[in-house]
Amino acid sequence: MFSKIIGQRQAKLAIQDWYNYEQQPLLIYGSSGFGKTMFAESLGAKTIDTTQLRGDRLNTILKPIKESEDGDILFFDEIHSLQPKILEGLYKIID
């Protein structure tokens, strides 16, 4: 699954460990162009571009979560673009 990802050896090992042994949310962060979205897609994640979510209600972010099935991997791309109160609600859900 990780064959298309080059470089970042330590990050790949840490994520492989998480993927194999954890059942918790994972936060991937870094500067633009480091391959976060490509990595998520290589895991088969459903990418949710948060810049396309409209409104300032938590329901805008809950919709893809409610529509997901057990085993789905959701990747919220550009999460920094969400309204602060939406982010706070999302963090509570993740916690």
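Just so it is clear, the values below take in all heavy atoms, side chains as well, and ignore hydrogens, waters and symmetry mates.
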Problem set entry | Spacing of Ile86 atom CD1 and Ile79 atom CD1 [to the nearest 0.5 Å] | 11.0 Å
Exercise. Could you give the distance from CZ (Phe76) to CG (Leu90), rounded to the nearest 0.5 Å?
Worked result: 6.0 Å
For this session: State whether the side chain of Thr50 and the backbone N or O of Asp77 hold a donor-acceptor pair below 3.5 Å, judged by distance alone.
Result: yes
For this session: Just grab all the side chain to side chain donor-acceptor pair (under 3.5 Å) pairs involving residues 63-75, residues at least two apart or on different chains.
Result: Lys46-Asp72
Exercise. Is there a path from Leu62 to Phe75 through hydrophobic residues (I, L, V, M, F, W, Y) whose side chains come within less than 4.5 Å of each other?
Worked result: no
Seminar exercise, completed: In short, Pro64 meets Leu74 closest at the heavy-atom pair O-CD1, 4.0 Å
